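To keep things clear, I will list the structure first and then write my remarks on it.
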2 protein chains.
Amino acid sequence: MGNPLSRDPIAEAQRNWEEHGWGDVAAPMAAITAIMRTQQILLARIESTLKPFGLTFARYELLALLNFARKGALPMNKASALLQVHPTSVTNSVDRLERAGLVARSPHPTDGRTTLIELTAKGRTAAKDATAALNTEVFSTPGFSPGDVKDLIRILGEFRRNAGDFED
Amino acid sequence: MGNPLSRDPIAEAQRNWEEHGWGDVAAPMAAITAIMRTQQILLARIESTLKPFGLTFARYELLALLNFARKGALPMNKASALLQVHPTSVTNSVDRLERAGLVARSPHPTDGRTTLIELTAKGRTAAKDATAALNTEVFSTPGFSPGDVKDLIRILGEFRRNAGDFED
DNA sequence: TGAATATACTAGGACATCCAACGTTTAGGC
DNA sequence: GCCTAAACGTTGGATGTCCTAGTATATTCA
C-alpha cells in the first residue's frame, strides 16, 4: 500500500500550520497526528500477528483480560469498563468469541441481571498462544528505544489520567 | 461509557506481564497499549468536534490536504500516498465528500488514468471552519505539556521513519 | 409495593478498512 | 509500431467497530 515518501507528511503539515498563522498549535497538531499514524502502524502489526489465531485486537484484549482474571471469568460490565469500550462492542466480541468456542456465557450466581464471560479451555490456550506470538513478534521489537518506551509510558499515562481514564 | 477507574488498567497489565515472566517485553507492551488507548481518546475528541461539520477525521484529513495543495486539487493516488491509506479508502471518502458537495472529481488533463479531486468553494469553507474548530477545541489544549509534545514528535517521528513511512 | 435504576441483548445504521477482480489507460521492451 | 506489463480508479464483498434506540429482565431504594 505504500512506498516510503520522500518527506515526512506530518512535518509537512506542521510547516503548513505555521505558515498559516497557527504556529501556537502546530506542534500539538503534529504530535496528535503522529499518534494517529503510529497507532495505525502498530495495529496493523498486531492484527497480522493475531490473524493466524482467528483473533482481532479487540477480541484478544478481552481474552487476555479474562486470562488474568481470577477464575478466568468476568461480568460483561466489568469487561466493558476495564477495556474502556462500549457495552455493545463487548457483546459483539463475546458473540464471536463464543461462536469460536473460546469463551462461554454463564449466569451470575447472585445477580440475575449480569452475565459472566468465562474462558473455555480452548480459549485459555488461544490466549496463551496469541500472547506468546505478540510478545515475540511485536513487543520484543517495538520500534522504540527502552528510554523512549519509558517516556511514552509516562507521557501517555499522564494524558490518560487527565482525560479521566483512571484516578491514581 | 466510562467513569474513572480506581487503577490504571495498563499499569495493571504491565504488572501482570511481569508476574508471568514476560518482564522483558512488559514495558513495550504497556507503551503500545497506551498509544492505542490515547489514540482512541483523541479520535473521540476530534470526531465530536468535526461532527457539526458533517465530517469524520478521515474525510477531514483529505479536505485539509486539498486545502494546502496548490490550486486545491490533487490526484487520487497522491492523496492515497500522502494520507497513507488504501486507494479504496480514498474512493470511499471522495464519494461521501462529493455527495456532500465539498469536493468534485475531474479528469486529469494529460493522464487519462488519473482523476483529480478538487475542492469546491463550499469545501474550502468547510475545511477552514473545521480547522479553526480543531485548533481551538482540540489542538490548543492537547493534554500534553509543550515539552512532552516535543518528545512525542521526536519519538514517533523516528518510529514512523523506521516503519518505512518516509525517508528523510 | 412501586418507581427508578442497572444490565444485557437485539436491530439497524454509519463508517472505515482491506481484498480480489475488472476495465481503462499509459509506458516500456522488442 | 505493437504488445505486454504496469498503473489507476472503481466495484462488490467481507470484516469489524461504534453508536442509537428500544426491549426485557432484575435489582435497589424510597
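Every chain is numbered from 1, with letters handed out A, B, ... down the list of sequences. Bear in mind that the values here come from a model prediction, so they are computed numbers and not experimental data.
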For this session: Could you work out which one of C:dT17, C:dT10, D:dC18 sits closest to the side chain of A:Val85?
Result: D:dC18
For this session: Would you give the length of the straight line joining atom CD1 of B:Ile117 to atom CG of B:Leu63, rounded to the nearest 0.5 angstrom?
Result: 10.5 Å
Exercise. Rounded to whole angstroms, how far apart are NE2 on B:His108 and C1' on C:dT26?
Worked result: 12 Å
Problem set entry | d(CG, B:Leu62; C1', C:dA16) in whole Å | 14 Å
For this session: May I ask you to say whether B:Arg105 pairs ionically with B:Asp95, meaning some side-chain N is under 4.0 Å from a carboxylate O?
Result: yes
For this session: Describe the nucleic acid contact of B:Thr114 in one word from base, sugar-phosphate, nothing, applying a heavy-atom distance below 4.0 Å.
Result: sugar-phosphate
Seminar exercise, completed: Between A:Leu116 and A:Gln40, whichever has its closest DNA chain C nucleotide further toward 5' is A:Leu116
Exercise. From the list C:dT7, C:dC15, C:dT26, which nucleotide is the closest neighbour of the side chain of B:Asp111?
Worked result: C:dT26
Exercise. Applying the side-chain contact (heavy atoms from CB on, under 4.5 Å) test to A:Tyr60, which of A:Leu65, A:Thr49, A:Leu97, A:Leu134 qualifies?
Worked result: A:Leu134
For this session: Give me the ring orientation class for B:Phe144 and A:Phe159: parallel if the planes are under 30° apart, tilted from 30 to 60°, perpendicular past 60°.
Result: parallel
For this session: Grab the CZ-C1' distance between B:Arg105 and C:dT24 for me, whole Å please.
Result: 16 Å
For this session: Pick base, sugar-phosphate or nothing for A:Asn77, based on heavy-atom distances below 4.0 Å to the nucleic acid.
Result: sugar-phosphate
Exercise. What is the distance, rounded to the nearest whole Å, between atom CG of B:Asn92 and atom P of D:dT15?
Worked result: 18 Å
Exercise. Within the pair B:Ser89 and C:dT17, is there a side-chain N or O less than 4.0 Å away from OP1 or OP2?
Worked result: yes
Exercise. A:Thr88 near the nucleic acid: base, sugar-phosphate alone, or nothing, with a heavy-atom cut-off under 4.0 Å?
Worked result: base
Problem set entry | Min side-chain heavy-atom separation B:Leu156-A:Ile10 under 4.5 Å | no
Exercise. Does the pair A:Asp8/B:Arg161 count as a salt bridge with the N-to-O cut at 4.0 Å?
Worked result: no
Exercise. Any salt bridge between A:Glu158 and A:Arg154, counting N to O under 4.0 Å?
Worked result: yes
Problem set entry | Length of the line joining A:Gln84:CD and D:dT17:C1', which is rounded to integer Å | 16 Å
For this session: Return the value, rounded to whole Å, for the distance between atom CG of B:Asp95 and atom C1' of D:dG12.
Result: 13 Å
Problem set entry | Contacting residues from residues 43-60 of chain B, given that a heavy atom lies under 4.0 angstrom of DNA chain C | B:Thr56, B:Ala58, B:Arg59
Problem set entry | Separation of atom CZ in B:Arg96 from atom P in C:dC15, rounded to whole Å | 5 Å
For this session: Mind calculating the distance between NE2 (B:His86) and P (C:dC18) to the nearest angstrom?
Result: 6 Å
